[in-house]
Undergrad: 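Structure in structure tokens, see below.
Reminder, nothing fancy here: chain letters follow the sequence lines and each chain counts from 1.
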Amino acid sequence: MKVYIAQVSALLLDERRRLAARLESEELISPAPGQYFLADDGAAICAQTIFCVRQEEASLLALPPLPVAWQPGSSLRLLGPLGNGVTLPRPLRRLALAVFEESPTNLLSLARQANQQGAEVALFAEPPLPALPAWLEASPLAALPEALTWADFLALDLPSSSLPHLRQHLGLPSHAACPCPAQALVRLPMPCGAVAECGACAVSMRRGWRLACKDGPVFDLNDLEW
Amino acid sequence: MKVYIAQVSALLLDERRRLAARLESEELISPAPGQYFLADDGAAICAQTIFCVRQEEASLLALPPLPVAWQPGSSLRLLGPLGNGVTLPRPLRRLALAVFEESPTNLLSLARQANQQGAEVALFAEPPLPALPAWLEASPLAALPEALTWADFLALDLPSSSLPHLRQHLGLPSHAACPCPAQALVRLPMPCGAVAECGACAVSMRRGWRLACKDGPVFDLNDLEW
Amino acid sequence: MAKFDLAFSPPLMNAAGTLGFVPERRGLAALERLGAFVTNPISRQARTPAAGQRYLEYAGGFMLHTGHPNPGFKTAVNRYARLWASLELPVIVHLLAQEPADLAWMVERLEGLEGLMGIEIGLPPEASAAQATELVDAAWSELPVIARLPLEGAAQLAWSVLQAGAAAISLSAPRGALPASSAGLLCGRLHGPGVYPLALRAVHSLAVQDIPVIGCGGIYSPEQAREMLLAGALAVQLDAVLWSGRDLQTFTV
Amino acid sequence: MAKFDLAFSPPLMNAAGTLGFVPERRGLAALERLGAFVTNPISRQARTPAAGQRYLEYAGGFMLHTGHPNPGFKTAVNRYARLWASLELPVIVHLLAQEPADLAWMVERLEGLEGLMGIEIGLPPEASAAQATELVDAAWSELPVIARLPLEGAAQLAWSVLQAGAAAISLSAPRGALPASSAGLLCGRLHGPGVYPLALRAVHSLAVQDIPVIGCGGIYSPEQAREMLLAGALAVQLDAVLWSGRDLQTFTV
Ligand SMILES: Cc1cc2nc3c(=O)[nH]c(=O)nc-3n(C[C@H](O)[C@H](O)[C@H](O)COP(=O)(O)OP(=O)(O)OC[C@H]3O[C@@H](n4cnc5c(N)ncnc54)[C@H](O)[C@@H]3O)c2cc1C
Ligand SMILES: Cc1cc2nc3c(=O)[nH]c(=O)nc-3n(C[C@H](O)[C@H](O)[C@H](O)COP(=O)(O)OP(=O)(O)OC[C@H]3O[C@@H](n4cnc5c(N)ncnc54)[C@H](O)[C@@H]3O)c2cc1C
Ligand SMILES: Cc1cc2nc3c(=O)[nH]c(=O)nc-3n(C[C@H](O)[C@H](O)[C@H](O)COP(=O)(O)O)c2cc1C
Ligand SMILES: Cc1cc2nc3c(=O)[nH]c(=O)nc-3n(C[C@H](O)[C@H](O)[C@H](O)COP(=O)(O)O)c2cc1C
Ligand code: FES
Ligand code: FES
């Protein structure tokens, strides 16, 4: 965890046509997909948690949702990377990715990593996504149950409010565990940004509860209460 | 009073380097200097009172202070023109203008009118203003007392909090009346925009009080308690 | 004269002080959406505007300290009673409750007027239960009385004013303080969208006790008005949104 | 052990719940500006986080409804007491006051600990004067007690808790309600800049009655903190600004 000074160099739209931002910093910043930053723009009223992925060049892409006030030229202090990102197993042959509502950019960054390792990658999304790289197969969420028979790892990106419906999407009976190793980036507000153990970002686990800001926001799926 | 639909076509800086906006509307709008509009941008929390002057072309210049959210392309409903503007006497030979802190654009618009009628115009400003049209003499406020011996009309634009110090600026003893006819645009918040007689914009008069939003915001100086 | 019932159709009003003593042209347009018109506060004697700063902005809205200027009861009735009678919707006259005798005197003179649906009395923000009781009692007449209480103190006084005969309570703006530009503090009423969660909670906690409450505070959208009705308000009042210039054609509850 | 005096140098603290049970690295950086560290609320029994939505935004800030999760008194003291003793500034332990007997039991166990300057007790928001008195009374010990009252009800309870032996009162966030995304209402504590005028007024109206009050609510700038001290607060607490990521190096009062 470190403080970086960064500048918004451009505003752009992500695959879901929501506002993202390109950030430039003097230093190279390499968060794992699923790690987050606290962005101080001088106007935050509580922790502004921002997911970022490194881009081809030495810049960062800050993913939606963004604070509305950001403009090209805005100067930020970025504190991070914080929390646990997704760890892809090695070797990895068949990666399944599934995104519910959120910006798919975190998972696309995982897809590229896996592709570079020579793995096959399939992405399941709701709502469906427009054009993707040619090597990346895209399917609706309804096709997800089949992927479980095939994948050796599943990465999910979803709002915490989708967890209660997840087994249905995976085609699993209630209480059944996920048949392959799986990690989930669980999205929910993290107003204190891990400074206070305020409890706002608590996530129910099979045993007790954990804080997304500190112990997550990426969790092993089978540890979660879902 | 009417409702106009207008678009912000550009943001620019006024003579004091504060943000102004060029507005375009299908219809020609011609407020008198000192009249105001209520601008509804869908985000106002109470009446947004905006002073506007007509520009050479068929567009309006909305003067500072402006709501921060306005961007080129923003669409507005403008209700107005409301209130009383400055009425220049005819014939007019020597016009003195004085602006305290506020944007000078309202008075510059009067200056142009007077210049077109062949009158001499002098502008007194605090803080001082940068470059003005060649035909317009600009002086610091300290030179204002002399102008009173010369002008046949004085127009003022000032925050209501400056009224108690005005006689000092004019070089007049306490209780003395202004020796020439004079009108003052009195600036203070007008949160109800003349819909409620809420009293927030009350101005003390020599006899009783009046509402700037309804009875002003331009008043004859010698009717004011100052 | 038959005693009107406190039923609003639609259950939507302006708050006292937001559309004047009688609505002018723009106010009239808003009235089409309302079930009643509430006048500006009127006191027995004329009141002048407060001296010094009267408007300050803050992060959730703005603060007003106006002194409730008004021409006094006699002048107001002379000027406006005929217009109240001619409005197409029922009128609620808001009286600033100061002395019980003054209040009784004003209420007596309102009883004969046409077009009135009721009286709303604005209680002093620091009123004790005993004072509130005495004032509501003094306002007793043929006309139903709505007692307007600052939302932060409403729970303490609600039962007292109902027992004293009020037909309902309504919520006025919470009080706040901000540094004045001339040093020192300015105290006043808080308005704007930041007030909404305070108002919604006040409505909810009164309504669950079966207290007839007219909600008010920070409503800027029809959804917010409907949420407050769902939380148990018998009607809601709009305040600063009526000043925002917003088009209210689609404001239905 | 000598009874500490309630003097803060500088008169600036974090509010309970804003920097954890012990400050972690970023919290430690903020501490350089503070005259005391206040712990997260601790209850006798462990508490779990509230179910459902716990965070909602509104125009003046945000609402929290967390359930005050904590590991319970015994675990907290085992985990943190040594760290409290080693901090370079005095510690105030915040206890959730529920049952007088539980509170007395916890306070008794805190008396022996090192580095504590006092105890802050969080009173239930709907506590009556009698309940508040009983709770403060139960917390009596060598350590001074600060009674934390929701700012909207502080005026009613202040004298009772002082008479029961509290050294000062502090102000907790006002309560609000907002529609939950799953329908129904969510009630919780309001934080953010929109709270400031409510807090400033509460401080002022208590301070003019000579009530020792620690101000809190909506402070985001050193100027706002200083205004609250000028209004009579004996110290002020920072809350959400400590979460905003803002650089506090220049935050001096
Ligand atoms: C007999 C009397 C006459 C007054 N005349 C004036 C006057 O002409 N102009 C003036 O500015 N101030 C007058 N005041 C002072 C007035 O009480 C407040 O200080 C002032 O109105 C604050 O206005 P506000 O906009 O902040 O009102 P608010 O914020 O709504 O209310 C705050 C203050 O208004 C007063 N107030 C509100 N409603 C009532 C009510 N129903 N009954 C009594 N008081 C109420 C309270 O004193 C309170 O302190 C008078 C006070 C008294 C006792
Ligand atoms: C014996 C008991 C145990 C409880 N255990 C839990 C629990 O483990 N998890 C949980 O989420 N809720 C618990 N509750 C319910 C709890 O009281 C609130 O409903 C909940 O904590 C609301 O949290 P909040 O973040 O909105 O707190 P706030 O908005 O700060 O407070 C609102 C609510 O918190 C409670 N509260 C706050 N401070 C105190 C205090 N000092 N003493 C008593 N109550 C207080 C009040 O009941 C109030 O309704 C318990 C209640 C009781 C009576
Ligand atoms: C009879 C009377 C008339 C008043 N008239 C005015 C007035 O015209 N304008 C004003 O700003 N305050 C007026 N005040 C307000 C007082 O100056 C004072 O602010 C008010 O009584 C509130 O007192 P407090 O500060 O103790 O709450 C008046 C007060 C009284 C008692
Ligand atoms: C012993 C006890 C334990 C509780 N534990 C929890 C809890 O773990 N999580 C939670 O959200 N609410 C918990 N509650 C809260 C209750 O469900 C309820 O919301 C609370 O008592 C407030 O009641 P009210 O809605 O009447 O104010 C608990 C209540 C009690 C009495
Ligand atoms: S956001 Fe506060 S504990 Fe996670
Ligand atoms: S702004 Fe309300 S009366 Fe002028």
Side-chain angles (χ1 to χ4, degrees), chain C residues 56-65 125-126 128-129 150-157 173-180 183-205 207-208 215 217-221 223-224 226-228 230-232 240, chain D residues 56-65 125-126 128-129 150-156 173-180 183-208 215 217-221 223-224 226-228 230-232 240:
Chain C
L56 281 172
E57 288 176 13
Y58 77 104
F62 59 95
M63 191 176 86
L64 281 185
H65 170 88
E126 317 295 347
S128 66
L151 64 85
E152 69 272 34
Q156 271 89 41
L157 296 184
R175 263 62 186 178
L178 287 167
L185 287 188
L186 189 71
C187 295
R189 294 160 270 146
L190 302 178
H191 295 277
V195 173
Y196 185 71
L198 298 168
L200 188 58
R201 178 171 187 272
V203 165
H204 173 71
S205 62
V208 295
I219 298 174
Y220 277 75
S221 73
E223 293 72 32
Q224 289 174 319
R226 287 193 287 260
E227 285 290 348
M228 208 175 265
L230 275 178
Chain D
L56 281 173
E57 288 175 15
Y58 77 104
F62 58 96
M63 192 176 85
L64 282 185
H65 170 88
E126 316 294 347
S128 65
L151 65 85
E152 68 273 34
Q156 271 87 44
R175 264 61 188 180
L178 286 167
L185 287 189
L186 189 69
C187 295
R189 295 159 270 147
L190 302 178
H191 295 277
V195 172
Y196 185 72
L198 297 167
L200 187 59
R201 179 173 187 270
V203 165
H204 174 71
S205 62
L206 294 165
V208 296
I219 296 175
Y220 277 74
S221 73
E223 293 71 34
Q224 289 174 319
R226 287 193 287 261
E227 285 290 350
M228 208 175 264
L230 275 178

Undergrad: Report the option among C:Gln156, C:Gln224, C:His204 that has the most heavy-atom pairs separated by less than 4.5 Å from atoms of chain D.
TA: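 With the most close heavy-atom pairs to chain D, the winner is C:Gln156.
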
Undergrad: What residue, out of D:Ala155, D:Pro174, D:Pro179, has the most heavy-atom pairs lying under 4.5 Å from chain C?
TA: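 Ranked by contacts with chain C, first place is D:Pro179.
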
Undergrad: Can you tell me if C:His65 uses its side chain to pair, donor with acceptor, with the backbone of C:Cys187 under 3.5 Å?
TA: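 Between the backbone of C:Cys187 and the side chain of C:His65 there is a qualifying donor-acceptor contact (under 3.5 Å).
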
Undergrad: Considering non-hydrogen atoms only, spot the tightest contact between D:Ala240 and D:Tyr220 and give its length.
TA: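 Answer, listing the atom of D:Ala240 first, then D:Tyr220: CB-OH, 3.1 Å.
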
Undergrad: Does any part of the side chain of C:Leu178, heavy atoms only, come nearer than 4.5 Å to the side chain of C:Tyr58, both counted from C-beta?
TA: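 SC-SC contact between C:Tyr58 and C:Leu178 confirmed.
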
Undergrad: Do you know which of C:Val203, C:Leu200, C:Leu230 has the most heavy-atom pairs under 4.5 Å to chain D?
TA: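 Maximum pair count with chain D is reached by C:Leu200.
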
Undergrad: Have a look at D:Leu151 and tell me which of D:Leu206, D:Leu190, D:Leu198 forms a side chain to side chain contact (heavy atoms under 4.5 Å, CB included) with it.
TA: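 Only match with D:Leu151 under side chain to side chain contact (heavy atoms under 4.5 Å, CB included): D:Leu198.
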
Undergrad: Contact part of C:Leu185 toward chain D, heavy-atom cut-off under 4.5 Å: side chain, backbone, both or neither?
TA: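 For C:Leu185, the contact with chain D is made by the side chain alone.
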
Undergrad: Name the option with the most non-hydrogen atom pairs under 4.5 Å to chain D; the candidates are C:Gly61, C:Gly60, C:Gly176, C:Ser205.
TA: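 Counting heavy-atom pairs under 4.5 Å, the top option is C:Gly176.
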
Undergrad: Please look at C:Glu152 and chain D and tell me whether the side chain, the backbone, both or neither of the residue comes under 4.5 angstrom of a heavy atom of that chain.
TA: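 Both backbone and side chain.
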
Undergrad: Return the CD to OH distance between D:Glu227 and D:Tyr196, rounded to the nearest 0.5 Å.
TA: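 Answer rounded to 0.5 Å: 5.5 Å.
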
Undergrad: Under 4.5 Å between any side-chain heavy atoms of C:Arg189 and C:Met63, yes or no?
TA: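 Not touching, per the 4.5 Å side-chain cut-off.
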
Undergrad: Which atoms of C:Glu223 are under 4.5 Å from chain D, going by heavy atoms: the side chain, the backbone, both sets, or neither?
TA: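 Neither; nothing under 4.5 Å.
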
Undergrad: Hey, which of D:Pro193, D:Ala231, D:Gly194, D:Ala202 has the most heavy atom pairs under 4.5 Å with chain C?
TA: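 Heavy-atom pairs under 4.5 Å are most numerous for D:Gly194.
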
